[in-house]
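Not measured: the values here are computed from a predicted model. Throughout, numbering of the chain's residues begins at 1 and tracks the sequence.
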Amino acid sequence: MDFSKLFSLEGKVALVTGAAYGIGFSIAEAYAKAGAKIAFNCRSQHHMDQALADYKAKGIDAKGYICDVTDEEQVKNMVADIEKELGVIDILVNNAGIIKRIPMTEMSVEDFKQVIDIDLNAPFIVSKAVLPGMIKKGHGKIINICSMMSELGRETVSAYAAAKGGLKMLTRNICSEFGEYNIQCNGLGPGYIATPQTAPLRERQADGSRHPFDSFICAKTPAGRWLEPEELMGPAVFLASEASNAVNGHILYVDGGILAYIGKQPK
């Protein structure tokens, strides 16, 4: 076995949903650097134009598609277009997602359903669309972006935790159902990542003090800090490469140690 090729994605076709910015963008960038051809989706032309410019600035020739991943027909059409333009999808990263921080007793059923639709139903829809091509090709990698909320609960995120818990089990079921076709399905569970979406939680307060949530996360993380999107690159490449061919149905938490840590004893 040529060890240098274990982590190569040369010639592979990777679809990363919701990869216009943040975690998805970093994963797509890592795959491109490892040799993969990149496809991603956006729901609006505005975000698409900005994302394409950002990819170009990184020297990445990514293909963007306008697609709502909760719409099965749109997803089928997107996958067909990718297969025509780039080839059969080898790697799928179900990254698109939202969170609504609303106390459960104040959350509308419509808001709850929307989070479930995007964070759980969409990975099912997109995975269902790419699996036939992977089966025919004889290999494939599906990586679901789970969360520590696949394991933990916290106030105001009932819908998100429910969706991510379901996504963890969908990951294990895809592993169970399609492992015989040399398809590996794993989850990547980011901790608290410094992205534009979390920036308000890291801003200094008017008196110069840290945001209470910023202090909370740093205290709960053995690393003592928020993680950077780039720190997901290595784990994401591993799960997409031949190096992980025997890893299936696993959730790889990249959280700086939060899930292993009970917290500091009060002084």
Does any donor atom in the side chain of [X] or [Y] lie under 3.5 Å from an acceptor atom in the other side chain?
X	Y	answer
N94	S127	yes
K141	S244	yes
Y65	E85	yes
D49	Q45	yes
T171	N144	yes
E180	N182	no
N41	K63	no

Using only atom types and a distance under 3.5 Å, with no angle test, would you say the side chain of [X] pairs donor to acceptor with the backbone of [Y]?
X	Y	result
S209	Q205	no
Q74	D68	yes
T221	C218	no
R202	T195	yes

- Take atom CZ of F124 as the centre, draw a 6.0 Å sphere, and report whether it contains more than 12 heavy atoms from other residues, nucleotides or ligands.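 No, the 6.0 Å shell around CZ holds no more than 12 heavy atoms from other groups.
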
- Query: With a cut-off of 6.0 Å (strictly less than), are more than 12 heavy atoms of other residues, nucleotides or ligands near CZ of R210?
  - Reply: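 Yes, the 6.0 Å shell around CZ holds more than 12 heavy atoms from other groups.
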
- Task: Determine, using the 4.5 Å side-chain heavy-atom cutoff (strictly less than), whether I23 and L167 are members of one ILVMFWY cluster.
- Result: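 No, I23 and L167 fall in different hydrophobic clusters.
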
- Query: Do the side chains of L188 and I183 join up, straight or via other hydrophobic residues, at under 4.5 Å, putting them in one cluster?
  - Reply: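 Looking at the clustering, I183 is in a separate group from L188.
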
- Query: Using 4.0 Å as the upper bound for N to carboxylate O, is an ion pair formed by E72 and K128?
  - Reply: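 Looking at K128 and E72, the cut-off is met.
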
- When you look at I142 and L131, which way does the side chain to side chain contact (heavy atoms under 4.5 Å, CB included) test go after all the steps? CA-CA 9 Å; I142 296 176; L131 276 163; 3.9 Å; yes

Considering only heavy atoms from C-beta outward, does the side chain of [X] approach that of [Y] to under 4.5 Å?
X	Y	result
L232	V254	yes
C175	Q184	no
Q50	Y21	no
V93	L15	no

- Task: Apply side chain to side chain contact (heavy atoms under 4.5 Å, CB included) to V115 and D111, showing your working.
- Result: CA-CA 6 Å; V115 175; D111 280 336; 5.8 Å; no

- Query: Do F213 and Y192 make the cut of ring centroids closer than 6.0 angstrom?
  - Reply: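 Between Y192 and F213, which both carry aromatic rings, the centre distance is below 6.0 Å.
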
- Apply the test ring-ring contact (aromatic ring centres under 6.0 Å, His included) to residues Y55 and F40: give CA-CA distance (whole Å), side-chain angles for both, the deciding distance (0.1 Å), then the verdict. CA-CA 11 Å; Y55 278 111; F40 71 99; 4.9 Å; yes

- Task: Starting from the C-alpha separation in whole Å, work towards a yes-or-no answer on side chain to side chain contact (heavy atoms under 4.5 Å, CB included) for K12 and H139.
- Result: CA-CA 11 Å; K12 303 293 186 182; H139 70 81; 3.6 Å; yes

